[in-house]
Amino acid sequence: MPNLAGKKVAVVGAGICGSLTAWAMVLAGCEVHIYEPDKDKKSCSFTAAGMLAPMAELESSDDNIYRLGLKSVALWPQIIQTLALPVYHRDNGTLVVSHRQDEGVFNQFVNVLKNKLGDDFSTSCELLTQQTLEPELKNLGTALYLKKEAQVDSHQTLQALHERLQLKAHWHWESAHNISAYKVNREDFEWVFDCRGLSAQKDIPGLHGVRGEVIMVEAPQVNITRMVRVMHPRYKIYIVPREHNRYMIGATEIQSDDTGPISVRSTLELLSAAFSVHSGFAEARILALDTNVRPATMDHQPVIDHAPGLTRINGLYRHGYLLAPALVEKALKDLGIELNSFLKRGEHANCI
Ligand SMILES: Cc1cc2nc3c(=O)[nH]c(=O)nc-3n(C[C@H](O)[C@H](O)[C@H](O)COP(=O)(O)OP(=O)(O)OC[C@H]3O[C@@H](n4cnc5c(N)ncnc54)[C@H](O)[C@@H]3O)c2cc1C
């Protein structure tokens, strides 16, 4: 593998994966060209709730995602330090709750985590029979506190990365039709990073879409400070607090690549579940309903695929923010670039 430090590279796609890759390459001193088809189209990365939840996700993921996730949780604060615009980041954990009648589902979740986490369970999780962490949710039954989980505001993260990249990289607003990674590869770039998400379907066997829907509300009568996951036999929802009493309520998971507007069923389910957790959501104002399609591989594992002159990073599925820092770090390490050494010099961003 060549050492790319200081060379001219292209990044195709400016979702969270492409934007982080591009920023890392800028920090490494490369001349970075970003190809993105549409200024106004919101990528899947804009829809994400921004949870960094390696433990909660273990219910349906595995040790690989867990380890990469822990690494990303540690990398995010360092990445944010290199950005100029503020990024909302909280690391006060997740509270997993259920209604008393659904305790069976809750207990099953706890057992899965105990089994998958082994010794880590006692250091990173705490069963609370009478939880006081979120006083407004004290009527719910036993809670599980996942101490090491964090979140970033996905909109602010992308905005902050794009603001840096507007200054430090060359943008090419070109139609997706004209810029497959291979076409760009014929130019004089030393290397091309293909981070097109679901649009790379033709080049990554089995890559498919998994639809997700979220609702952003403003709820002045709700004061929850941590991410909350509600265990329920039919639909599992999360409530992610953002600044100014805003809450992201999500998310559906539907095997479909339909990016059309949110359905009535999903809207009812998400909002009723939130209301059942806290009656203050009744008077909340709906600020946005959003839908997007997660890029998923058949085994739900992320892909780093190196070919001559080309690296593909894809298949981030439910875990774009949870995995992107660790995946980008891993991909660049293969190419001779130590992301950590650039991030450690937190002042670097200000002087380039
Ligand atoms: C409802 C929902 C909630 C989620 N919540 C979370 C969460 O809490 N935590 C978490 O970690 N993850 C979450 N995710 C998952 C996360 O959003 C995705 O894993 C992530 O966005 C994938 O990032 P990406 O950069 O690979 O792809 P994308 O975000 O899809 O970005 C791909 C980019 O490539 C561009 N592009 C497409 N075709 C071309 C082309 N030919 N040339 C150039 N550019 C092109 C696109 O315009 C886009 O900007 C959620 C997803 C959904 C739908």
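Both counts, for ligands and for their atoms, begin at 1 and track the order of listing.
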Candidates A53, G250, A49, C195; heavy atom nearest atom 5 (N) of ligand 1 found on A49
Any N or O on E213 sitting closer than 3.5 Å to an N or O of ligand 1?
no
May I ask whether T47 has any heavy atom positioned less than 4.0 angstrom from an atom of ligand 1?
yes
For ligand 1, which atoms sit closer than 4.0 Å to a heavy atom of L316?
19 (O)
Does either side chain, that of T157 or that of S154, offer a donor lying less than 3.5 Å from an acceptor on the other one?
no
Ligand 1-proximal atoms of Y317, by part, heavy-atom distance under 4.0 Å:
backbone
Would you say the rings of H306 and W191 are close, in the sense that their centroids are separated by under 6.0 Å?
no
Give the atom numbers and elements of ligand 1 that come within less than 4.0 Å of a heavy atom of M51.
7 (C), 8 (O), 9 (N), 10 (C), 11 (O)
Compute the shortest N/O to N/O distance between G50 and ligand 1 and return yes if it is under 3.5 Å, no if not.
yes
Under-4.0 Å heavy-atom contact with ligand 1, by part of R318 that carries it:
backbone
For Q301 and D62, does a side-chain donor sit closer than 3.5 Å to a side-chain acceptor?
yes
Going by the closest heavy atom to atom 24 (P) of ligand 1, which one wins out of A10, S43, C17?
C17
Report, in ascending order of atom number, the atoms of ligand 1 lying under 4.0 Å from any heavy atom of I16.
23 (O), 25 (O)
Could you check whether atom CD of Q108 has more than 12 heavy atoms from other residues, nucleotides or ligands sitting under 6.0 Å from it?
no
In terms of relative ring orientation, are Y321 and W76 parallel, tilted or perpendicular, with 30° and 60° separating the classes?
parallel
With backbone taken as N, CA, C and O and side chain as the heavy atoms from C-beta onward, which portion of Y238 lies under 4.0 Å from ligand 1: side chain, backbone, both, or neither?
side chain
Determine the interplanar angle of the F281 and H278 rings, folded into 0 to 90°, and report it as parallel if under 30°, tilted if 30 to 60°, perpendicular if over 60°.
perpendicular
Could you list which atoms of ligand 1 come closer than 4.0 Å to a heavy atom of V12?
42 (N), 43 (C)
Over 60° means perpendicular and under 30° means parallel, so classify the ring planes of Y235 and H232, tilted if in between.
parallel
Report the member of S45, A56, G15, G320 with the shortest heavy-atom distance to atom 29 (O) of ligand 1.
S45
Would you sort out whether N245 and E218 count as a side-chain hydrogen bond (donor to acceptor under 3.5 Å, both in side chains), showing the intermediate values?
CA-CA 6 Å; N245 287 84; E218 188 172 285; over 6 Å; no
For ligand 1, which atoms sit closer than 4.0 Å to a heavy atom of G212?
1 (C)
Atom 46 (C) of ligand 1: which of E36, R196, R294, H319 has the nearest heavy atom?
E36
Using side chain to side chain donor-acceptor pair (under 3.5 Å) as the criterion, list what pairs up with H172, not counting sequence neighbours.
H33
Any idea which part of Y35 is under 4.0 Å from ligand 1, heavy-atom wise: side chain, backbone, both or neither?
backbone
K138 atom NZ: more than 12 heavy-atom contacts under 6.0 Å
no
Just jot down the ligand 1 atoms closer than 4.0 angstrom to any heavy atom of S199, in number order.
37 (C), 38 (N)
Mind checking whether L322 contacts ligand 1 via backbone (N, CA, C, O), side chain (CB onward), both or neither, at a 4.0 Å heavy-atom cut-off?
both
Counting heavy atoms not belonging to E243, are there more than 12 under 6.0 Å from its CD?
yes
Is it true that, when you exclude K71 itself, more than 12 heavy atoms of the residues, nucleotides or ligands shown sit nearer than 6.0 Å to its NZ?
no
I want to confirm something. Looking only at heavy atoms, which of P295, A48, A14 is nearest to atom 6 (C) of ligand 1?
A48
Taking all heavy atoms of G260 and all of R211, pick out the closest pair and write down the distance.
O-NH1, 2.8 Å
Test of proximity, G197 against ligand 1: N or O pairs below 3.5 Å
no
Any non-hydrogen atom of V214 lying under 4.0 Å from ligand 1?
yes
